[in-house]
> 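Let me give you the structure first, and then I'll get to my questions.
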Amino acid sequence: MFHYLFTNDLRIRNLEEALREAGTCFAENRVPSAEEDKNVNNNMKTLGFYFNLTKNSQCARECAKGNVRRAVLNFIKKFQFPNPRTKESFALAVEDGITIAPMRVILQVLYLLHMTSASHEAYLTMDEIAEFIFCSEAAAKRKQPDLSAIMKNIRDSRRNGNRASFLSDDDNEMKQKGCFWHQCKRQLREMVKVLCWSGCVQETKKGIIEIYHEGLTRDNKADLFEILTYTKMWTPQNCLDFHEYKRAYQQYMDIRLADTGGLSGSGNSGGVPLYGNEGGQLSFQMPDQYISQPGQQEQSQGVQHPDQVISQTVYQTAGRTSDVPGVQHPEQSADMASPGTFKGIFRQKKEIVYHTKLQSGFDRNRIVFGAPGTGKSYLLNEDAKALLKNTSGSFERVTFHPDYSYAQFAGTYKPVSDAETISYQFVPGPFMRVYADALASGSTGNPQPHILLVEEINRARVAAVFGDIFQLLDRDADGVSEYRIQASEDIRRYLAEKLGGLPDDHQYLRLPDNLFIWATMNSADQGVYPMDTAFKRRWDFQYIGIDESAEKVKNYEIPLGMGKHRRYVNWNELRSEINRILARECRVNEDKLLGPFFLSKTMLDRAMADEDKFVSAFESKVLMYLFEDVMKMRPANIFKGHRGQMIFSEICRAFEETGEEIFGLHGLSYDSHSDGTAGWQPEESAEQR
């Protein structure tokens with residue numbers, strides 16, 4: 001049987017404030033009596049027992065000084081059953097033979113799952129904690145729990161699909177399972193809340209508990225290392241006085257000054273000799289460095305920092321050690337351990353540099369927008385050349401379209417053939433390729449700029465394409481993402497392959513300051529998707545006016561009409577006159593007018609090389625755009641010189657005969673183009689002739 005007693009309410013939401021206040025009261029010997037305030041007295045006594053707050057305890061002093069997390073981590077490390085909370089619960093636990101420090105066992109099992117399983121399997125549920133830790137002979141009734149057996153039982157249960165709920169709100173149902181624990185479900189949740197509050201683990205929305213210690217300080221991580229390697233238990237010896245048990249337990253539970261130095265606390269000097277303090281520290285070994293075994297003097301130099309220590313753990317079987325730490329197959333890892341012993345293989349965690357301090361006058365998130373043909377892509381292309389000049393930075397261009405997806409943008413699994421076999425591999429998208437290049441560059445000490453240019457960003461559903469990457473676009477003053485997002489397992493493996501380290505070194509994504517995401521946008525295009533305000537506010541928008549690049553095309557002349565109707569006109573003058581009609585007479589918005597490069601520079605350069613081809617292209621681009629997109633409901637307002645049917649074929653035929661007169665314009669064209677020059681010479685006036 002398994003008899004347990006815990007508390008229903010540790011006031012986790014206000015735990016820091018409550019422990020700080022209680023620690024001060026205990027340390028200063030001014031805990032309110034029950035007569036003064038029964039509620040406060042009860043609450044402080046509860047906190048006092050579990051977190052070992054007494055007048056002379058180091059735990060109380062730490063809380064009073066504000067080092068609350070240290071006291072909580074000490075509780076996670078040492079709290080155990082049996083404990084002298086009440087005479088009855090103490091006697092029942094001793095009679096059952098229970099000897100477990102549940103909080104640290106939960107952490108140890110989580111870390112071992114984390115290091116020996118795929119990431120999606122490295123978790124525990126509340127039901128698994130109850131069934132395989134609290135109500136398991138291998139876990140709860142052994143002075144050194146059989147961690148390998150616990151993991152094997154959990155994996156077997158998952159593999160066999162035995163995921164029926166173990167926990168119940170009905171005490172009678174729990175008793176039928178051998179668990180005599182009043183309000184078991186609620187009190188177990190209180191324990192898990194403490195673990196989550198401590199910063200060691202997190203509980204996801206799906207109700208699973210997994211490793212998480214990003215918020216811990218270096219000293220906290222040293223304490224966490226102590227938890228993972230600590231095996232001592234307070235073992236009560238025969239004693240007639242229950243108060244003696246309490247005093248001995250309090251002495252064992254206290255933070256010793258030797259423990260406050262991080263790795264300097266070996267965990268072997270604690271406990272109360274009078275009542276037993278059995279167990280020893282789990283043995284760890286580091287390449288080229290050393291942490292002492294029990295009884296040996298530690299070397300003060302060369303000790304690895306706790307940031308590097310809490311990284312990689314692997315079991316050692318009797319007589320053999322795994323060659324590759326942390327990559328054992330889940331099927332093998334369950335029987336790799338002899339109970340209670342494991343060896344640590346330490347490595348330097350892959351450090352990711354986001355603040356590379358790259359200086360640039362360009363915005364990191366930038367959208368250039370304007371009417372079609374205003375030179376948006378040209379501008380960004382020139383700016384990219386300027387930014388990447390004399391660097392080894394990378395540049396990638398992608399064009400969005402209505403069917404473009406997050407999987408294409410970030411990456412996804414695809415079938416890959418090597419000419420003999422077909423396998424599925426993660427294929428990165430343009431974002432992930434440039435992102436990896438930027439991170440790799442930032443870690444070299446010589447950061448280079450890397451640019452992802454998105455053409456036609458609003459032609460796809462940007463919220464769907466960016467997905468959770470959207471969160472990264474919020475950058476601080478240095479150009480680094482203010483908020484991180486969780487990386488998928490596929491992305492973690494890809495980044496580990498590209499950047500080094502292990503997949504779990506790349507659990508989170510943040511945009512570094514040497515990654516530039518630029519885009520072009522034209523809201524006049526048909527079929528574009530609107531952007532919501534939250535998305536738009538994360539970008540710096542730059543508008544290009546309709547005539548900002550006019551100087552670059554002022555000398556281009558183009559042919560109009562076919563055959564004997566051929567004449568020539570200055571492109572910029574014709575464009576300006578068409579825009580005047582659209583804006584002033586047809587009340588068309590600026591974003592639908594013709595930009596200087598509505599006809600590409602290549603087309604303009606080759607206009608005289610194949611004149612008939614250019615005229616046909618003018619029809620399919622300029623005339624079609626005006627007919628279909630701009631003046632679809634009122635084509636007669638722009639094709640004022642056409643007297644026939646307002647159908648596109650008739651308009652093209654009329655254009656081939658009348659040229660610019662199709663727009664109601666006269667006097668712009670001339671019969672022959674310039675002789676070998678790119679420029680256009682205006683016709684002489686009558687006086688000049």
> Kindly compute the distance separating CG (Leu665) from CD (Glu573), expressed to the nearest 0.5 Å.
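So the gap between those two atoms works out to 9.5 Å.
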> If you look at every heavy atom in Asn522 and Asp591, which pair is closest and at what distance?
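Here Asn522 and Asp591 meet closest at OD1-O, 3.8 Å.
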> Determine yes or no for a side-chain-to-main-chain donor-acceptor pair under 3.5 angstrom, with His506 supplying the side chain and Glu489 the backbone.
no
> Does the side chain of Thr520 reach to within under 4.5 Å of the side chain of Ile457, using non-hydrogen atoms?
no
> For Lys592 and Met631, indicate whether the former's side chain and the latter's backbone hold a donor-acceptor pair under 3.5 Å.
no
> Verify whether one side chain among Gln448 and Ser441 offers a donor that lies under 3.5 Å from an acceptor in the other.
no
> Tell me whether Asp478 contacts the main-chain N or O of Val480 through its side chain, where contact means a donor paired with an acceptor under 3.5 Å.
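No, because the side chain of Asp478 does not come within donor-acceptor range (under 3.5 Å) of the backbone of Val480.
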> Among side-chain atoms of Glu611 and Tyr568, is any donor-acceptor pair under 3.5 angstrom?
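A donor-acceptor contact under 3.5 Å links the two side chains.
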> Per the salt bridge (charged side-chain N to carboxylate O under 4.0 Å, His left out) rule, which among Glu585, Glu577, Glu661 passes with Lys640?
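Testing each of Glu585, Glu577, Glu661 against Lys640, the sole residue satisfying salt bridge (charged side-chain N to carboxylate O under 4.0 Å, His left out) is Glu585.
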> Check whether any side-chain heavy atom of Met562 lies under 4.5 Å from a side-chain heavy atom of Ser616, and answer yes or no.
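Yes - at least one pair of side-chain heavy atoms lies under 4.5 Å apart.
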> A side-chain contact here means heavy atoms from C-beta on lying under 4.5 Å apart; do Ile517 and Arg475 qualify?
yes
> May I ask you to say whether Arg493 pairs ionically with Glu497, meaning some side-chain N is under 4.0 Å from a carboxylate O?
no
> Answer yes or no: is there a side-chain heavy-atom contact under 4.5 Å between Ile638 and Ile578?
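The answer is yes, as the side chains (C-beta and beyond) meet within the 4.5 Å cut-off.
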> Using side chain to side chain contact (heavy atoms under 4.5 Å, CB included) as the criterion, point out the one residue from Asp437, Ile451, Val454, Val434 that pairs with Glu396.
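In the set Asp437, Ile451, Val454, Val434, the residue that makes a side chain to side chain contact (heavy atoms under 4.5 Å, CB included) with Glu396 is Val434.
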> Could you walk me through whether Glu210 and Leu113 pass the side chain to side chain contact (heavy atoms under 4.5 Å, CB included) check?
CA-CA 10 Å; Glu210 60 186 11; Leu113 285 169; over 6 Å; no
> Could you tell me if the ring centre of Phe409 sits under 6.0 Å from that of Phe466?
yes
> Side chains of Ser377 and Glu455 only: does a donor on one sit below 3.5 Å from an acceptor on the other?
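On atom types as modelled, these side chains qualify, holding a pair under 3.5 Å.
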> Less than 4.5 Å apart, any side-chain heavy atom of Thr204 and any of Tyr123?
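Not touching, per the 4.5 Å side-chain cut-off.
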> Is Arg461 atom CZ crowded by more than 12 heavy atoms from other residues, nucleotides or ligands, each under 6.0 Å away?
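Open.
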> What is the minimum heavy-atom distance between Tyr625 and Pro372, and which atoms define it?
OH-CG, 3.5 Å
> Apply side chain to side chain contact (heavy atoms under 4.5 Å, CB included) to Asn579 and Ser576, showing your working.
CA-CA 5 Å; Asn579 285 343; Ser576 298; 5.7 Å; no
> Side chain of Glu548, backbone of Gly545: donor and acceptor closer than 3.5 Å?
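Here the side-chain-to-backbone pair exists.
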> In terms of ring plane angle, is the pair Phe627 and Phe639 parallel, tilted or perpendicular, where the classes change at 30° and 60°?
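Ring orientation of Phe627 relative to Phe639: tilted.
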> Compare all side-chain heavy atoms of Lys357 with those of Pro447 and state whether any distance is below 4.5 angstrom.
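Side-chain contact under 4.5 Å: no.
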> In this structure, are over 12 heavy atoms from other groups packed under 6.0 Å from Glu17 atom CD?
no
> Arg566 side chain to Gly561 main-chain N or O, any donor-acceptor pair under 3.5 Å?
yes
> Counting distance only, does the side-chain N/O of His450 pair as donor-acceptor with the main-chain N or O of Ser394 below 3.5 Å?
yes
> Does Ser198 use its side chain to pair, donor to acceptor, with the backbone of Leu195 at less than 3.5 Å?
yes
> Any heavy-atom pair between the side chains of Asn514 and Tyr354 that's under 4.5 Å?
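Heavy-atom side-chain distance check fails, nothing below 4.5 Å.
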> Apply the test side chain to side chain contact (heavy atoms under 4.5 Å, CB included) to residues Leu560 and His565: give CA-CA distance (whole Å), side-chain angles for both, the deciding distance (0.1 Å), then the verdict.
CA-CA 8 Å; Leu560 303 178; His565 303 293; over 6 Å; no
> Could you tell me whether Arg69 sits above the aromatic face of Trp197, with NZ or CZ closer than 6.0 angstrom to the six-membered ring centre and within 45 degrees of the axis?
yes
> So how far is it from Arg567 CZ to Ile558 CD1, rounded to the nearest 0.5 Å?
12.0 Å
> Where the side chain of Thr374 meets the backbone of Gly370, is there a donor-acceptor pair that is under 3.5 Å apart?
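No; judged by distance alone, with no hydrogens or angles, the pair does not exist.
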> If I take atom CG from residue Leu495 and atom CD from residue Gln507, how far apart are they, to the nearest 0.5 angstrom?
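The distance works out to 12.0 Å.
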> How many angstroms lie between OH in Tyr212 and SG in Cys200, if you round to the nearest 0.5 Å?
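SG of Cys200 is found 12.0 Å from OH of Tyr212.
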> Could you please spell out the steps behind the side chain to side chain contact (heavy atoms under 4.5 Å, CB included) verdict for Leu582 and Leu626?
CA-CA 9 Å; Leu582 292 173; Leu626 296 173; 3.9 Å; yes
> If you count heavy atoms of other groups shown closer than 6.0 angstrom to CZ of Arg606, is the number above 12?
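Count not over threshold, so no.
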> Flag the pair Phe369 / Phe541 as yes when their ring centroid distance falls below 6.0 Å, and as no otherwise.
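Yes.
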> Does one side chain, of Ser405 or Gln408, offer a donor that lies under 3.5 Å from an acceptor on the other?
yes
> State, to 0.1 Å, how close Ala550 and Arg575 come at their nearest heavy-atom pair, and which atoms those are.
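Answer, listing the atom of Ala550 first, then Arg575: CB-NH2, 3.8 Å.
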> Check whether more than 12 heavy atoms from other residues, nucleotides or ligands sit under 6.0 Å from atom CD of Gln645, and answer yes or no.
no
> Do the non-hydrogen side-chain atoms of Leu574 and Phe618 ever get within less than 4.5 Å of each other?
yes
> Quick test of your reading of the model: are Lys385 and Glu382 salt-bridged, counting only N-O distances below 4.0 Å?
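Yes, Lys385 and Glu382 are salt-bridged.
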> Might you confirm whether atom NZ of Lys621 has over 12 heavy atoms from other residues, nucleotides or ligands at distances under 6.0 Å?
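Atom NZ in Lys621 is not packed in, count stays at 12 or less.
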> Quick one: pull up CZ in Phe663 and CD1 in Ile581 and give me the separation to the nearest 0.5 Å.
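So the CZ of Phe663 and the CD1 of Ile581 are separated by 8.0 Å.
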> What are the two closest heavy atoms between Ala607 and Phe614, and how far apart are they?
CB-CD1, 3.7 Å
> Do you know the tightest heavy-atom contact between Tyr404 and Pro430?
OH-CG, 3.5 Å
> Below 30° counts as parallel, above 60° as perpendicular, anything between as tilted: where do the rings of His114 and Tyr111 land?
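Perpendicular: the ring planes of His114 and Tyr111 meet at over 60°.
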> Using only atom types and a distance under 3.5 Å, with no angle test, would you say the side chain of Ser481 pairs donor to acceptor with the backbone of Leu511?
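Indeed, once roles are kept as given, a pair shorter than 3.5 Å links the two residues.
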> Donor-acceptor pair, Ser549 side chain versus Lys552 backbone, under 3.5 Å?
no
> Taking the six-membered ring of Phe400, is the NZ or CZ of Arg459 close enough (under 6.0 Å from the centre) and on axis enough (within 45°)?
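Here Arg459 fails the 6.0 Å and 45° test against Phe400.
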> Where do Pro559 and Val615 come nearest, in terms of heavy atoms and distance?
O-CG2, 3.7 Å
> In terms of side-chain geometry, is the basic nitrogen of Asp474 or Arg538 positioned less than 4.0 Å from the acidic oxygen of its partner?
yes
> Rounded to the nearest 0.5 Å, how far does OG1 of Thr356 lie from CG of Asp513?
3.5 Å
